[in-house]
Student: 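Encoded as structure tokens, here's the structure I'll be asking about.
A, B, ... follow the sequence lines: proteins, then strands. Residue 1 opens every chain. Because the structure is a prediction, the values reported are computed rather than measured.
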Amino acid sequence: MDAGKKKKKEKKELPPLEEAEGGVVMRFAPNPSGPLHLGHARAAFLNDAYVKRYGGRYVLRIEDTDPRRVDPEAYEMVQEDIKWMELGVTDIVYQSDRMDIYYDLCRKLIELGGAYVCTCDAERFRELKMAKKACPCRSHTIEENLELWEQMLTGGFAEGQVTVRVKTDLEHPDPAIRDFSIFRIVDAPAHPRIEAKVYPLMNFSVVVDDHLLGITHVIRGKDHIANTRRQRYIFDYFGWKPPVYRHYGRMSIEGVVLSTSSMHRGIDEGTYTGWDDVHLGTLRAIGRRGIQPKAVRQAMVDLGTGDTDISFSWENLYAANKAVIDETSDRFFFVPHPVRYEVEGAPEQTAEVPRYPGDEKRGMRALDFTGAVVLPAAEVEGATVVRLKDLFNIEVKGERQAAYAGDDLTAAREAKAPIIQWLPAGYGIPCTLHTPEGDLEGVCEPEVAEYVDRMVQFERVGFARIDRVEDGRVVAFFAHR
RNA sequence: GCUGCCAUAGUGUAGUGGCCAAUCAUGUCGGCCUUUCACGCCGACGACUGGGGUUCAAAUCCCCAUGGCAGCACCA
């Protein structure tokens, strides 16, 4: 077999990770509030790339410690999306399974004098914090804190009445660091997986889990820089060694909806057809359009881990995707807005067209010409001579009439006649091509119906994923040109 | 307001004092190939935010300005 020419688009390497030579343990830690989107994919692929590079374990940690932000259906969706991305996940952990661990270690932190139970009003505390002043609760004795903590756990407080704070440095120049919260009470809604009222905040559960799971390196967005500083206090109190962190800059993504709440709302209101609506930036939405996980991975690795804020480039993603799918996508004719033309004077014949130019082994398509064809309206408008690809030249006489104008390809080229796709009249099956700009109605070759869930290239139109066949109509999603 | 981070072509990226009249990818344009406006090949276009300073030498170091971003939640 011909090995085929490997296009040597040398792939870019991520910068090396410090202290990683002996292997790493990294994690991807989504909140199960909805399906994963492009923003998640960056973190997921970046961490995955380093685990693959240095070897080690990759922990999927479901951070479901806020009942308000847990969508029961998201657990399943997240798993599906992880599978789609083909991540090398080795361990799965649900934080909601680890509540007792967090409770125990909170008690320990209190005993170490590293945390106190605060019953101040949130607003009041904020004022004190901004003024670098201690709140009254800060001077509780360890015994008093322990007792208050016990009361928290046994239902002695209602939501909003109490929180546990880490003792940091009230003089810290960054107000974001001063005595942050690590536990709170949530009375409602109920958590879908467990019964609990007292929940750790991420800065606590993350530290505990990163340590207990042996996480060595963390690649996350720069919105966590302040959290990293806060978490350092907890690591220090326990005498634990923090992982190595890297924070990448903000990534803006144009043209799609990413906010879970607006996606939810849009779906409820019928604005979007579902989580895979093409207007959304979810992985399932771009997957439905035929973007391959490998292309997303490549695009994310290309973006790197820089501190600079960047804008996500669909062009670059499409280019990466094209590189992945071009060789495996068979070519077909799709005629948008088909108009029937009678062609006078042309001999009946059969056009043999390769499914993939350059590789005859993939077979030919046979298109029988018997006198009438359908052509894309936009292409014949105003044209005088056009070349029907793989067939012959015609002269457009207007009003659905055309005349045979010879077989000579060279003549067509010299006349600068466009070479267009066509189908025998009555041969094609209906096809709807969904594009971001709207739907394109037309007809395509019947064989396309056998390509459900695969990619094809509609010649001169672009790559598309065949989504399904409904009542004899092919439904396809446009990926890119 | 306070704290911190960042600043290279349309987009992304390489570059940690001389080899940078700045890399690669993508994009756009042109050409070749081709019965696709695809793939492949060739070429062109296109950037160090501004101003000071240090130095024999700065995209690289320092300062200021400007711009962008993040955090200051009992979210993650």
Student: Determine the contact category for A/Gln457: base if any of its heavy atoms lies under 4.0 Å from a base atom, sugar-phosphate if only primed atoms, P, OP1 or OP2 are that close, otherwise nothing.
Tutor: base
Student: Distance-only criterion, 3.5 Å: show the donor-acceptor pairs between side-chain atoms of residues 119-127 of chain A and protein atoms not counting sequence neighbours.
Tutor:
| residue | atom | partner | partner atom | Å |
| --- | --- | --- | --- | --- |
| A/Asp121 | OD2 | A/Glu123 | N | 3.1 |
| A/Asp121 | OD2 | A/Arg124 | N | 3.2 |

Student: Scan for salt bridge (charged side-chain N to carboxylate O under 4.0 Å, His left out) pairs involving residues 289-298 of chain A, sequence neighbours excluded, and state none if there are none.
Tutor: A/Asp48-A/Arg297, A/Glu86-A/Lys294
Student: Does A/His140 use its side chain to pair, donor to acceptor, with the backbone of A/Cys137 at less than 3.5 Å?
Tutor: yes
Student: From CZ of A/Arg460 over to P of B/C39, roughly how many Å is that when rounded to an integer?
Tutor: 15 Å
Student: Check every strand shown and say whether A/Ala122 touches a base, only sugar-phosphate, or nothing at a heavy-atom separation below 4.0 Å.
Tutor: base
Student: Using Watson-Crick or G-U wobble geometry with both distances under 3.5 Å, which nucleotide pairs with B/A73?
Tutor: none
Student: Mind checking if A/Val162 touches a base, just sugar-phosphate, or nothing, with heavy atoms under 4.0 Å?
Tutor: base
Student: Both A/Phe125 and A/Pro15 contact RNA chain B. Which one's nearest nucleotide lies toward the 5' end?
Tutor: A/Pro15
Student: Could you go through nucleotides 30-34 of chain B and list every protein N or O atom that sits under 3.5 Å from one of its N or O atoms, giving the distance for each pair?
Tutor:
none

Student: Identify the nucleotide, in any strand shown, that forms a Watson-Crick or G-U wobble pair with B/A38, with both distances under 3.5 Å; if there is none, say none.
Tutor: none
Student: Given the C1' atoms of B/U66 and B/C19, what is the spacing between them in whole Å?
Tutor: 33 Å
Student: Holding to salt bridge (charged side-chain N to carboxylate O under 4.0 Å, His left out), I want the full list of residues that pass it with A/Asp330, two or more places apart in sequence or in another chain.
Tutor: A/Arg362
Student: If a protein heavy atom is under 4.0 Å from the base, mark B; if only from the sugar-phosphate, S; if neither, -; do that for nucleotides 2-7 of chain B going 5' to 3'.
Tutor: BSSSSS
Student: Ignoring the backbone of A/Arg230, work out which of B/U35, B/G71, B/U13 is nearest its side chain.
Tutor: B/G71
Student: With a 4.0 Å limit, can you tell me whether A/Arg184 has a side-chain N or O closer than that to the phosphate oxygens OP1/OP2 of B/C75?
Tutor: yes
Student: A/Ile420 near the nucleic acid: base, sugar-phosphate alone, or nothing, with a heavy-atom cut-off under 4.0 Å?
Tutor: nothing
Student: How many whole angstroms separate atom CG of A/Asn227 from atom P of B/A73?
Tutor: 12 Å
Student: Report all side-chain donor-acceptor pairs from residues 244-263 of chain A shorter than 3.5 Å, counting only partners two or more places apart or in another chain.
Tutor:
| residue | atom | partner | partner atom | Å |
| --- | --- | --- | --- | --- |
| A/Arg246 | NH1 | A/Tyr50 | OH | 2.9 |
| A/Arg246 | NH1 | A/Thr305 | OG1 | 3.4 |
| A/Arg246 | NH2 | A/Pro16 | O | 3.0 |
| A/Arg246 | NH2 | A/Glu18 | OE1 | 3.3 |
| A/His247 | NE2 | A/Thr228 | OG1 | 2.8 |
| A/Ser259 | OG | A/Ser261 | N | 3.4 |
| A/Ser259 | OG | A/Ser261 | OG | 3.1 |
| A/Ser259 | OG | A/Ser262 | N | 3.0 |
| A/Ser259 | OG | A/Ser262 | OG | 2.6 |
| A/Ser262 | OG | A/Ser259 | O | 3.2 |

Student: Holding to side-chain contact (heavy atoms from CB on, under 4.5 Å), I want the full list of residues that pass it with A/Thr350, two or more places apart in sequence or in another chain.
Tutor: A/Glu352, A/Ala366, A/Asp368
Student: Determine the Euclidean distance between corresponding P atoms of B/C6 and B/G15; express it in Å to zero decimal places.
Tutor: 15 Å
Student: Please report the distance separating the P of B/A7 from the corresponding atom of B/C45, rounded so that it comes out in whole Å.
Tutor: 27 Å
Student: Counting heavy atoms from C-beta on, name the nucleotide in B/A70, B/C39, B/U36 closest to the side chain of A/Glu459.
Tutor: B/U36
Student: Any heavy-atom pair between the side chains of A/Tyr102 and A/Tyr199 that's under 4.5 Å?
Tutor: no
Student: Parallel under 30°, tilted from 30 to 60°, perpendicular over 60°: which one fits the rings of A/His40 and A/Phe28?
Tutor: perpendicular
Student: Does A/His172 have any side-chain contact (heavy atoms from CB on, under 4.5 Å) partners at least two apart in sequence or in another chain, and if so, which?
Tutor: A/Asp169, A/Asp174, A/Ile177, A/Arg178, A/Tyr233
Student: Mind checking if A/Pro200 touches a base, just sugar-phosphate, or nothing, with heavy atoms under 4.0 Å?
Tutor: sugar-phosphate
Student: Hey, is the side chain of A/Glu315 pairing donor to acceptor with the base of B/G10 inside 3.5 Å?
Tutor: yes
Student: Under 30°, 30 to 60°, or over 60°: which ring-plane class applies to A/His480 and A/Phe463, parallel, tilted or perpendicular?
Tutor: tilted
Student: When both hydrogen-bonding distances must be under 3.5 Å and the geometry is Watson-Crick or G-U wobble, what is B/A9 paired with, if anything?
Tutor: none
Student: Looking at every strand, decide which applies to A/Pro418 at a 4.0 Å heavy-atom threshold: base, sugar-phosphate, or nothing.
Tutor: nothing
Student: Within the 4.5 Å heavy-atom criterion, are A/Tyr318 and A/Arg481 side-chain neighbours or not?
Tutor: no
Student: Between A/Arg126 and B/A73, is there a side-chain N or O to OP1/OP2 distance below 4.0 Å?
Tutor: yes
Student: Any strand counts, and the cut-off is 3.5 Å on both contacts for Watson-Crick or G-U wobble. Which nucleotide pairs with B/G46?
Tutor: none
Student: What distance, rounded to whole Å, do you find between the two P atoms, one in B/U28 and one in B/A70?
Tutor: 30 Å
Student: Ignoring hydrogens and angles, are the base of B/C37 and the side chain of A/Gln421 linked by a donor-acceptor pair under 3.5 Å?
Tutor: no
Student: Measure the distance from CE on A/Met300 to C1' on B/U26 and round it to the nearest whole Å.
Tutor: 15 Å
Student: Determine the Euclidean distance between corresponding C1' atoms of B/G46 and B/A22; express it in Å to zero decimal places.
Tutor: 13 Å
Student: Taking only residues two or more places apart in sequence, or in another chain, which ones meet A/Glu159 in a side-chain contact (heavy atoms from CB on, under 4.5 Å)?
Tutor: A/Arg68, A/Ile185, A/Val186, A/Asp187
Student: Just call it for A/Asp66: base, sugar-phosphate, or nothing, with non-hydrogen atoms closer than 4.0 Å on any strand.
Tutor: sugar-phosphate
Student: Determine the contact category for A/Glu123: base if any of its heavy atoms lies under 4.0 Å from a base atom, sugar-phosphate if only primed atoms, P, OP1 or OP2 are that close, otherwise nothing.
Tutor: nothing
Student: If the cut-off is 4.0 Å, is A/Thr65 near the phosphate of B/A76, judged by side-chain N/O to OP1 or OP2?
Tutor: yes
Student: Taking only residues two or more places apart in sequence, or in another chain, which ones meet A/Glu459 in a side-chain contact (heavy atoms from CB on, under 4.5 Å)?
Tutor: A/Arg331, A/Phe333, A/Val353, A/Arg365, A/Lys389, A/Gln457
Student: Taking the six-membered ring for Trp, are A/Tyr341 and A/Trp422 closer than 6.0 Å centroid to centroid?
Tutor: no
Student: Enumerate all atom pairs, one protein N or O and one N or O from nucleotides 59-65 of chain B, separated by less than 3.5 Å.
Tutor:
none

Student: Side-chain contact test, heavy atoms from C-beta onward, threshold under 4.5 Å: evaluate it for A/Tyr356 versus A/Asp326 and give yes or no.
Tutor: yes
Student: Please give the distance between the P atoms of B/U49 and B/G67 as a whole number of Å.
Tutor: 16 Å
Student: When the P atoms of B/G18 and B/G1 are compared, how many Å lie between them, rounded to an integer?
Tutor: 40 Å
Student: Just so I know, are the side chains of A/Asp66 and A/Met202 near enough to count as touching, which here means a heavy-atom distance under 4.5 Å?
Tutor: no
Student: Could you state the atom-to-atom distance from CZ of A/Phe332 to P of B/U35 in whole Å?
Tutor: 20 Å
Student: Is the shortest heavy-atom distance from the side chain of A/Val166 to the side chain of A/Tyr237 under 4.5 Å?
Tutor: yes
Student: Please tell me which of the listed nucleotides, B/G71, B/U36, B/C72, lies nearest to the side chain of A/Lys389?
Tutor: B/U36
Student: For B/U60, give the paired nucleotide (Watson-Crick: N1-N3 plus N6-O4 or O6-N4; G-U: N1-O2 and O6-N3; both under 3.5 Å), or none.
Tutor: none
Student: Do any of residues 245-261 of chain A sit with a heavy atom less than 4.0 Å from RNA chain B, and if so which?
Tutor: A/Arg250
